[in-house]
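Some notes on the structure that comes next.
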Amino acid sequence: MIDLKFPDGSVRPFDAGVTGRDVAASISKSLEKKALLIKLDGELLDLARPLERGGAIEIITRERPEALDTIRHDTAHVLAEAVQELFPDTQVTIGPNVEDGFYYDFARAEPFSLDDLPKIEARMRQIVDRDEAISREVWDRAEAIAHFDGIGETYKAQIIRGIPGDQAITVYRQGQWKDLCRGPHLPSTRHVGKAFKLTKLAGAYWRGDQANAQLQRIYGTAWASDADLAAYLTRIEEAEKRDHRKVGAAMDLFHFQEEGRGMIFWHPKGWTLYRTLQNYVRRRMEAEGYVEVKTPQVLDRALWERSGHWEKFHDDMFTCETPDGEVLAIKPMNCPGHVQIFNHGQRSYRELPIRMAEFDGLHRNESSGSMHGIIRVRGLSQDDGHIFCTEEQIEAESKAFVDLLRLVYADLKVELQSVKLALRPDKRFGTEEQWTIAEDTLERAANAAGVEVERIPNEGAFYGPKLEFHLRDAIGRTWQCGTLQLDYVLPERLDATYIGEDGAKHRPVMLHRAILGSLERFTGVLIEHYAGAFPLWLAPVQVVVATITSDADDYAATAAAALRKAGLRVEIDLRNEKVGYKVREHSLAKVPVIAVVGRREAEEDKVALRRLGSDGQQVLTLDEAVALLTIEATPPDLR
RNA sequence: GCCGCCUUAGCUCAGCCGGUAGAGCAUCGCAUUCGUAAUGCGGGGGUCGCGUGUUCGAGUCACGCAGGCGGCGCCA
């Protein structure tokens, strides 16, 4: 006998080997019908799985979030079954869940076409209608390998070879079809339901390695109900409207053209936004003791060889050659330049830490497939900084940086998606001991600043581990923005030294850090975050003074001049159009404040303020309006 | 870089089985002076991404290239 404890606290005895379905049936007929899975001591299990031990049990029905994960994974299995029925020459590989859905990777000589998706979906619905029972089998490892190799499923055989020896090899069968899978699964394909949709096709490398074969990936989304699916599709559609490329074009912020792939042409409004952001972060940094420098755009290849960048990145660097045969590289980053300034003259321990900042342009020959609007570009600049310090200063400097970053993100009202600690990569410089110290120090500093990190192996820079601060774009993709990197390597390779208290030469440590990261990328993320409707202090155009009739033209000019004198970014709209037309146009252009002036306002020295997103108006005297808007338009660090 | 898809007016998009290009918005002109999300009328605007081929004839079909989009890979 085993004891099962139910969520209401009651404990009941059952025979060992009882299944979740039996347990549900013992409660009610309807629960047996609705049950999809059970959870035993936190572990999800198939409804038909015999229970050999007792514990806390929950019956999982369709409405539960745990069920959704299983529905998605089962949808992936139904997808795989449909694909193998329709395209028998296809091998299955893996099909995990992702946010809002799933994918399945297939190995097939001929790629799928977009036209195949509706056919596959139709077959998937048939499989759901067939209501194939899903059952779990435990296989012998050697037999399983031989079996999958024998039927030409070489990827599956390879996966089994990689499964640790103490783990059971489980195969799930649904109808004629079967797949190696850990489970759990729904009782039958009917429970998958039809609230799914195949969304996109993509190529993906086997095991994420470019050296391996490229598989055909089919992405899909699946939900517990049609209403949830419809809501999801609407949400995605809405989110796509926030795309910074669309908003940027609509607001006339920037453009690209073929001759400058990955190179931004910033228009006046976009550049105003960019400079406003840059000036803000520059002030925040100056207040923290940073000193700003400017280093050359083009430097001899020899310097990049010494720093180690040439070896790892020369294909990704733009280079040029003089008629004399000198090979120069356009700088992809500022670090070696900053070390040159540090190295100029003799440094004392008394000067440390030196916090050196630079906002100069950088160029990287990013591969064609990696460019993405203004978020990933070839020409960029960072709110870059390098802190030269002693080992003892690392932790305090790191914590101060994380604090500063959090302050800036709070000012900008962006939310961190995740903070990752990128650990030592295969290709690296420096000793194991240095890496261990560096990794642990970064984690401690982050924790001290109240930030939990997720350790990710193999993702660090060649010279040191990185803290990565990730933000989300409109449709949920995440992008690394801020970063903090601890580096023992470059000071050594570029021979940076300072004179210590003991009169001897010492090696400083370098902290590479950026709060926003690429200003271009951050601007892109901000555009999507605000959908172009920026807070007053960031908005490229803060106020439009719009007239109702030409009687008010002179007064509008007076009002605009007064607002401009107070430092506001003001446009004036004297066009011979109805005020409704003007309001609509400037609202669509996301101008935060429209100051409407008609004959009445002109006579009384007033303005009628209309805020973006509200249809009321606030009638103030011109002086009051100037005072109010000036306060509102003050950047957060100057308040 | 790899896989798939897309590319027609400034923008968003129509254009069937190959027969010589269309709408809305924007722009320009005229009228209108109208109090908070589109005033009316009229005009101009296109080597249909680029190239080659098939054809009597190509926006439409084929091939190549470029750029873009989605994903993978890469990201100092």
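Labels below follow one simple rule: chain letters A, B, ... track the order of the sequence lines, proteins then strands, and each chain is numbered from 1.
Annotation: cation-pi pair R217(A)/Y103(A) present, NZ/CZ under 6.0 Å from the ring centroid and within 45° of its normal.
The nucleotide whose nearest atom lies closest to any side-chain atom of A608(A) is, among G35(B), A37(B), A76(B), G35(B). Listed candidates were A76(B), G73(B), C5(B). Nearest to the side chain of M317(A) is A76(B). Side-chain atoms of H309(A) lie closest to A76(B) of the nucleotides A76(B), C3(B), A38(B). Across U39(B), G35(B), C75(B), the shortest atom-to-atom separation from the side chain of Y581(A) is found for U39(B). Minimum atom distance to the side chain of Q210(A) is reached by G1(B), of the listed G1(B), A76(B), U33(B). Proximity note for E601(A) (side chain, C-beta onward) versus A37(B), G35(B), C75(B): the nearest is G35(B).
With P as the reference atom, C13(B) and C6(B) are 14 Å apart, rounded to whole Å. Nucleotides C28(B) and C65(B) are separated by 42 Å at their P atoms, to the nearest Å. Between C5(B) and C74(B), the two C1' atoms lie 22 Å apart (nearest whole Å). Between C72(B) and U12(B), the distance separating the two P atoms is 26 Å to the nearest Å. Nucleotides G24(B) and G42(B) are separated by 11 Å at their P atoms, to the nearest Å. G46(B) and G10(B) have their P atoms separated by 8 Å, with the value rounded to a whole Å. When the C1' atom is used for both G53(B) and C16(B), the distance is 25 Å, rounded to whole Å. Distance noted for atom C1' between A66(B) and U27(B): 30 Å (whole Å).
With ring centers used as reference points, Y463(A) lies 6.0 Å or more from F429(A). Between F196(A) and W223(A), the gap from one ring centroid to the other reaches at least 6.0 Å. Note: Y104(A) and F106(A) meet the aromatic proximity criterion, with ring centroids under 6.0 Å apart. Ring centroid separation for the pair H338(A) and F388(A) does not come in under the 6.0 Å cut-off. Side-chain rings of H255(A) and F265(A) approach one another, their centers coming within less than 6.0 Å.
P111(A) comes within 4.0 angstrom of the backbone, heavy atoms only, and of no base. Nucleic acid contact class of Y103(A) (heavy atoms, under 4.0 Å, all strands): none. If you check every strand for non-hydrogen atoms under 4.0 Å, V596(A) touches a base. Within 4.0 Å (heavy atoms only), D316(A) reaches at least one base atom of the nucleic acid. Using a 4.0 Å heavy-atom distance criterion, L588(A) is classed as a base contact. At the heavy-atom level, K466(A) lies under 4.0 Å from the strands shown only through sugar-phosphate atoms. Heavy atoms of K312(A) sit under 4.0 angstrom from primed sugar atoms or phosphate atoms, though from no base atom. Residue contacts shown for E577(A) include a base, since a base heavy atom lies under 4.0 Å away.
Residues C335(A) and F112(A) each lie close to RNA chain B; by heavy-atom proximity, the contact nearer the 5' end of the strand is made by F112(A). Mapping S550(A) and S113(A) onto RNA chain B by nearest heavy atom places S113(A) closer to the 5' end of the strand.
The ring of Y463(A) does not lie on top of the base of A76(B); it is either too far (5.5 Å or more) or too tilted (30° or more).
In this model, no donor atom of one side chain and acceptor atom of the other lie less than 3.5 Å apart for H470(A) and Q480(A). Between Y205(A) and R207(A), the side chains place no donor N or O within less than 3.5 Å of an acceptor N or O (distance only, hydrogens not considered). The closest side-chain donor-acceptor pair between Q278(A) and D383(A), if any, does not fall under 3.5 angstrom.
Distance CD1 (I374(A)) to P (C75(B)): 23 Å, rounded to an integer number of Å. In this entry the distance linking NZ of K578(A) with C1' of G35(B) reads 11 Å, nearest Å. Across the protein-nucleic acid pair, R378(A) atom CZ and C74(B) atom P stand 18 Å apart, rounded to whole Å. Between the CD atom of E459(A) and the C1' atom of C75(B) there is a distance of 10 Å, rounded to whole Å. Put simply, CD on Q480(A) is 13 Å from C1' on C74(B), counting in whole angstrom units. Rounded to whole angstrom, the span from the CD atom of E603(A) across to the C1' atom of G35(B) amounts to 13 Å. Atom CD in E311(A) sits roughly 15 Å away from atom P in A76(B) (whole-Å rounding). Atoms CZ (F106(A)) and C1' (C3(B)) sit 15 Å apart, rounded to a whole Å.
Between W304(A) and H309(A), the angle of the ring planes goes over 60°, which puts this pair in the perpendicular group of the 30/60° scheme.
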- request: Begin with the C-alpha distance, continue with both residues' side-chain angles, and end with the deciding distance and a verdict on salt bridge (Lys or Arg N to Asp or Glu O under 4.0 Å) for R235(A) and E238(A).
  value: CA-CA 5 Å; R235(A) 173 158 64 85; E238(A) 286 303 309; over 6 Å; no
message: One pair to check against salt bridge (Lys or Arg N to Asp or Glu O under 4.0 Å): R575(A) and E577(A). What are the steps and the verdict?
response: CA-CA 6 Å; R575(A) 291 175 304 170; E577(A) 295 290 351; 5.7 Å; no
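Anti is the classification of C50(B), since its glycosidic angle lies more than 90° from 0.
Considering only side-chain N and O atoms, K331(A) lies nowhere under 4.0 angstrom from the phosphate OP1 or OP2 of A76(B).
At a cut-off of 3.5 angstrom, the base of C75(B) holds at least one donor-acceptor pair with the side chain of R376(A).
Both key distances under 3.5 Å define a Watson-Crick or G-U pair, and stretches of 3 or more such consecutive pairs in RNA chain B run B:1-7 with B:66-72, B:10-13 with B:22-25, B:27-31 with B:39-43, B:49-53 with B:61-65.
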- line: Protein heavy-atom contacts under 4.0 Å, written 5' to 3' over nucleotides 67-72 of chain B as B (base), S (sugar-phosphate only) or - (none), form the string SSSBBB
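Counting non-hydrogen atoms of neighbouring residues, nucleotides and ligands closer than 6.0 angstrom, the CZ atom of R455(A) exceeds 12 such neighbours.
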